Amino acid sequence: QQQVKQSPQSLIVQKGGISIINCAYENTAFDYFPWYQQFPGKGPALLIAIRPDVSEKKEGRFTISFNKSAKQFSLHIMDSQPGDSATYFCAARRGGGYQKVTFGTGTKLQVIP
Amino acid sequence: EAQVTQNPRYLITVTGKKLTVTCSQNMNHEYMSWYRQDPGLGLRQIYYSMNVEVTDKGDVPEGYKVSRKEKRNFPLILESPSPNQTSLYFCASSPGLAGVVSEQFFGPGTRLTVL
């Protein structure tokens with residue numbers, strides 16, 4: 001069963017636009033919510049992450065919004081650039097010192113000039 | 001250079017022939033994990049290890065074994081591979097103590113095909 005649901009599966013955005021990817025989770029034991037970026041032929045790399053005691057975190061053009069009561073979080077990419085074209089994965093880690101991590105199914109983002 | 005290495009990068013094998021995919025990290029990380037990536041399913045955790053001799057199952061452990069005899073190495077063993085194990089495999093490591101938020105560093109991936 002998919003404990004972290006990610007949408008949309010694919011996204012096309014014009015250069016300069018805002019890309020928004022959404023994730024929802026079920027397990028309230030999750031305590032860390034990272035987003036990973038993956039380019040073709042490469043392993044995923046951490047982009048930005050948030051803990052549930054914070055509602056928003058911004059790093060440059062990338063922002064995570066977190067809604068604990070709704071059990072949802074989203075990634076916003078402002079001023080999207082062609083170099084942002086990649087697959088994005090949300091993830092959630094179970095707390096209590098474990099490293100059990102559940103990933104979403106991924107969103108393939110294409111930013112067109 | 002700090003990195004996670006995997007070998008081999010590509011492997012084609014036949015059903016039932018035991019194989020091992022090696023993973024090594026040079027960052028002195030405590031935590032290591034194995035994932036498989038399949039189209040439409042994202043990354044699914046196979047096994048993870050919190051330290052030497054400490055391993056636990058992820059979400060899809062069936063058909064796989066792991067061992068952690070040294071801190072830097074975390075091999076993935078397929079004792080009797082089957083075609084449904086054809087996938088892209090990633091090893092990852094992360095530092096930190098229990099409860100501390102830490103980034104996972106991923107290897108370059110191993111593309112396995114089981115005929």
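These numbers come from the heavy atoms of this one structure, side chains and all, not from hydrogens, waters or symmetry mates. A note on names: the letters A, B, ... follow the listed sequences, proteins ahead of strands, and every chain is numbered from 1. Quick caveat: nothing in here was measured; it's all calculated off a predicted structure.
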Worksheet item: Do A:Phe66 and A:Ile77 belong to the same hydrophobic cluster, where Ile, Leu, Val, Met, Phe, Trp and Tyr are linked whenever their side-chain heavy atoms lie under 4.5 Å apart, directly or via other members?
Response: yes
Worksheet entry | Contact summary for B:Asp59 and A:Thr102, nearest pair of heavy atoms | OD2-OG1, 3.6 Å
Worksheet item: In terms of heavy-atom contacts, does CE of B:Met27 have more than 12 from other residues, nucleotides or ligands at under 6.0 Å?
Response: yes
Worksheet item: Considering residues, nucleotides and ligands other than B:Glu53, do more than 12 of their heavy atoms fall under 6.0 Å from its CD?
Response: yes
Worksheet item: Is there side-chain contact between B:Phe106 and A:Gln38, with at least one heavy-atom pair below 4.5 Å?
Response: no
Listed pairs under 3.5 Å, donor-acceptor, residues 9-17 of chain B side chains, sequence neighbours left out:
unit_1, atom_1, unit_2, atom_2, d
B:Arg9, NE, B:Gly109, O, 2.9
B:Thr15, OG1, B:Leu115, O, 2.7

Discussion item. List the residues meeting salt bridge (Lys or Arg N to Asp or Glu O under 4.0 Å) with A:Lys42, not counting sequence neighbours, and say none if there are none.
Written reply: none
Worksheet entry | Transitive ILVMFWY side-chain link A:Val4 to A:Trp35, under 4.5 Å | yes
Item to complete: Look at A:Gly106, A:Pro44, A:Gly43 and state which one has the largest set of heavy-atom pairs under 4.5 Å with chain B.
Response: A:Pro44
Item to complete: Calculate, to the nearest 0.5 Å, the distance between atoms CD and CD1 belonging to B:Glu103 and A:Ile48 respectively.
Response: 12.5 Å
Discussion item. With a 4.5 Å cut-off on side-chain heavy atoms, are B:Ser33 and A:Val101 touching?
Written reply: no
Worksheet item: When you measure from the side chain of B:Tyr35 to the backbone N and O of A:Phe103, does any donor-acceptor pair fall under 3.5 Å?
Response: no
Discussion item. Is B:Gln37 close to chain A through its backbone or its side chain, or both, or neither, when contacts mean heavy atoms under 4.5 Å?
Written reply: side chain
